[in-house]
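Let me begin by presenting the structure, written as structure tokens, before commenting on it.
We count residues from 1, following the sequence as given. These numbers were taken from a predicted model, which means no experiment stands behind them.
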Amino acid sequence: MKRLHVPDFVQDSPGDHGDAVLLDTRSGHCFAMNPVAALLWQEWRRSRDFETGVRATARHFPELSRDLIRQDARQLADALLERGLLTACPAGRRPAPPADERLPAVAGHGSAGGPETAETVDGRAHRAHSLAGGRRAAGAAEVTMAADPEAHSPRPGRLPARHTPPLGLLGLLIALVLIRLPFRVLLRVVRWTSRHWCRHDATGAQGAAALAAVRQAAARYPGRAACLETSLASLMLLALRRRRATWCIGTAADPFRFHAWIETAAGPVMAADEQGIDAFRRILAA
């Protein structure tokens, strides 16, 4: 009998309403699941047995047909296996790690709470893929970090280009180079920098100053400069001064969306014109 196994590079973030999001730390791709799919995932991770997950989900959702749950569970398992978020192997044997450590973007369509179009956390555009449709029980969607709709145009009140702080520009340029790397490599760079290069923790005021400088530089940049880029650039600017902060990626539901920011000991660092991040729960901190 095949046993299910969750690879070490998969991180999960359970939601307040039974939903969950999986993060593949190799590629930066996220996979959002509704409460039925999330319960199946949790049971598979605990028991490593397909039918145990189906039975536990049927007990928890008695209003759903067990045949429907099993059918949708098979589709969910197939999708997770295809993406490398789940592996199957004979009982008593540990699965070998996948040879391909960088997953391609997956094309699809659906309505499981994901956006019509999105961008991957590492910046490549693709359609959100959904298993939920019509009267399905277990639904999931490969969704990605939402871009800032105003990221491509300067905002009112910004300094003219000649006053753009040079360190802010340098931090942004470093981030734009790093963000082109495979996500797993990017994470290694961020973690190495924090542990071995930075000497002191950044204060809240230092974090805010770094973000302000980066946003001024980003307003002059003609390409994408949304939360992923500006948060990473702020982190790099602080690192240039050997100051340490935490890079965070979080998720929110209804609809599923993603956000990136930095945190210091004083808490999340946000610009004055940004809304709060209370709706987002952290799925990754580096």
Side-chain angles (χ1 to χ4, degrees), residues 2-15 18-54 56-57 69-90 93-110 112-115 118-122 124 126-133 136-145 182-187 249-251 253 256-258 281-286:
K2 296 287 186 180
R3 303 290 286 176
L4 301 176
H5 172 72
V6 178
D8 294 337
F9 54 76
V10 179
Q11 296 187 13
D12 60 348
S13 176
D19 57 302
V21 174
L22 307 182
L23 172 65
D24 183 341
T25 59
R26 304 168 305 169
S27 65
H29 289 191
C30 295
F31 199 78
M33 301 183 293
N34 71 9
V36 179
L39 181 57
L40 282 166
W41 162 264
Q42 291 166 6
E43 288 298 324
W44 290 340
R45 183 164 206 166
R46 182 189 63 81
S47 69
R48 302 181 63 190
D49 180 68
F50 179 85
E51 284 298 330
T52 298
V54 172
T57 304
I69 292 175
R70 181 176 289 105
Q71 179 182 349
D72 280 8
R74 175 55 60 192
Q75 291 186 25
L76 176 66
D78 287 345
L80 294 173
L81 288 166
E82 177 186 355
R83 289 159 177 79
L85 301 175
L86 196 66
T87 60
C89 65
R93 181 183 302 174
R94 291 276 296 183
D100 181 7
E101 290 199 353
R102 189 174 188 187
L103 298 182
V106 178
H109 60 278
E119 292 186 15
T120 58
V121 174
D122 63 0
R124 294 170 294 156
H126 69 87
R127 289 277 182 181
H129 178 78
S130 169
L131 296 178
R136 310 312 299 173
E142 192 170 29
V143 293
T144 56
M145 188 175 304
F183 193 75
R184 67 184 187 278
V185 177
L186 171 58
L187 280 182
I249 293 176
T251 176
F256 284 110
R257 58 198 187 279
F258 293 82
R281 64 181 187 272
R282 290 200 309 187
I283 190 173
L284 177 70

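For the side chain to side chain contact (heavy atoms under 4.5 Å, CB included) test, residues two or more places apart in sequence or in another chain that qualify with S13 are T251, R281, I283. Residues satisfying the side-chain hydrogen bond (donor to acceptor under 3.5 Å, both in side chains) test with Q11, not counting sequence neighbours, are none. Residues satisfying the side chain to side chain contact (heavy atoms under 4.5 Å, CB included) criterion with R282, sequence neighbours excluded, are T246, C248, W261, E263, A285. Taking T52 as the reference, D49, R55 meet the side-chain hydrogen bond (donor to acceptor under 3.5 Å, both in side chains) condition, with sequence neighbours excluded.
Side-chain atoms of R48 do not come within 3.5 Å of backbone N or O of V6 as any donor-acceptor pair.
Annotation: salt bridge (Lys or Arg N to Asp or Glu O under 4.0 Å) contacts involving residues 28-44, sequence neighbours excluded, comprise E43-R46. Among residue pairs with one or both ends in residues 27-42, none qualify as salt bridge (Lys or Arg N to Asp or Glu O under 4.0 Å); sequence neighbours excluded.
Remark: R74 qualifies as a cation-pi partner of F50 under the 6.0 Å distance and 45° angle criteria applied to the six-membered ring.
Counting heavy atoms from C-beta outward, W41 and V10 have side chains that approach closer than 4.5 Å. For the pair D72 and L40, the minimum side-chain heavy-atom distance is 4.5 Å or more. Residues F258 and L23 are not in side-chain contact: their nearest non-hydrogen atoms beyond the backbone lie 4.5 Å or more apart. Looking only at side-chain heavy atoms (C-beta outward), D12 and M33 stay at 4.5 Å or farther from each other.
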